[in-house]
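Since the structure comes first, as structure tokens, the remarks are kept for the end.
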Amino acid sequence: MARNTGAAAARGEILFFVDSDVALRPDAVEKAVDELLAHPEYGAVCGIYEDEPLIRDSIVEECRVLQAYCWRMDSLGTVSFLFSSLTAIPRKVFQEVGPFNPRLRQTEEVDYGERMSARYQIRVTPMCWAAMTTTTSCCPCCASSTGGPG
């Protein structure tokens, strides 16, 4: 699993996980690190997606991004799951909680969040922002001419 490989190769005291279809605001890492340093009880700080995609190429994409934005905004505060696509975790917490379960493909964030929230707070914060950049579609019939299958 890529997150575990990245964590093993990282050298810093704070691990920042970001998916390949996410474009960070210039201050996103700094704000997440500041939150963790100010709150040692936090095991992770999860950021928020913008309400519009970075590349507006289809109504499907816009709906998907808006849903992700609303879900995260509705989750502000302490949660028991992890938005690992935009998350900062202190290395010592990651080592204590252990790696992501490589046998899980769709629920690894829930599993990891449950293990972490038993020991630490997981915070979703509006201090750390990013835009989703994916241009792939959920099905070939909905793909645009600039991205996705078809």
Please collect all ring-ring contact (aromatic ring centres under 6.0 Å, His included) contacts where either partner lies in residues 48-79, sequence neighbours excluded, each pair once. Trp71-Phe83

For residues 29-48, which side-chain N or O atoms pair as donor and acceptor with protein atoms under 3.5 Å away, sequence neighbours left out?
from, atom 1, to, atom 2, distance (Å)
His39, ND1, Glu41, OE2, 3.3
Tyr42, OH, Arg123, NE, 3.3

For the student: nearest non-hydrogen atoms of [X] and [Y], plus distance:
X      : Y      : value
Glu109 : Ser84  : OE2-OG, 2.7 Å
Ala23  : Leu54  : CB-CD2, 3.9 Å
Asn101 : Glu108 : O-CB, 4.4 Å
Leu86  : Ala130 : CD2-CB, 3.8 Å
Ala68  : Met132 : CB-SD, 4.0 Å

With Arg72 via salt bridge (charged side-chain N to carboxylate O under 4.0 Å, His left out) - residues at least two apart: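 Testing Arg72 for salt bridge (charged side-chain N to carboxylate O under 4.0 Å, His left out), a comparison that skips the adjacent residues, returns none.
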
Taking salt bridge (charged side-chain N to carboxylate O under 4.0 Å, His left out) as the definition, give me every residue that meets it alongside Glu62, ordered by chain and number, with sequence neighbours left out.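 Here the qualifying residues are Arg56.
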
Looking only at atom types and distance, does a side-chain atom of [X] sit under 3.5 Å from a main-chain N or O of [Y], one as donor and one as acceptor?
X      : Y     : answer
Arg115 : Pro99 : yes
Ser58  : Glu61 : yes
Asp19  : Asp21 : no

If the condition is ring-ring contact (aromatic ring centres under 6.0 Å, His included), which residues does Phe17 pass it with, not counting sequence neighbours? Phe94, Phe100

Answer with yes or no whether the hydrophobic clustering places [X] together with [Y]; edges join I, L, V, M, F, W, Y residues whose side-chain heavy atoms lie under 4.5 Å apart.
X      : Y      : value
Val79  : Met73  : yes
Trp129 : Met127 : no
Leu24  : Val65  : yes

I need the Thr125 OG1 to Leu76 CG distance, nearest 0.5 Å. 7.5 Å

To the closest 0.5 Å, what do you measure between OG (Ser117) and CG (Leu82)?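 Between Ser117 OG and Leu82 CG, I get 9.5 Å after rounding to 0.5 Å.
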
Output, in order, the C-alpha distance, side-chain angles, deciding distance and verdict of side chain to side chain contact (heavy atoms under 4.5 Å, CB included) for Tyr112 and Ile89. CA-CA 12 Å; Tyr112 203 85; Ile89 302 174; 4.2 Å; yes

Taken in chain and number order and not counting sequence neighbours, the residues that satisfy side chain to side chain contact (heavy atoms under 4.5 Å, CB included) with Arg119 are Glu96

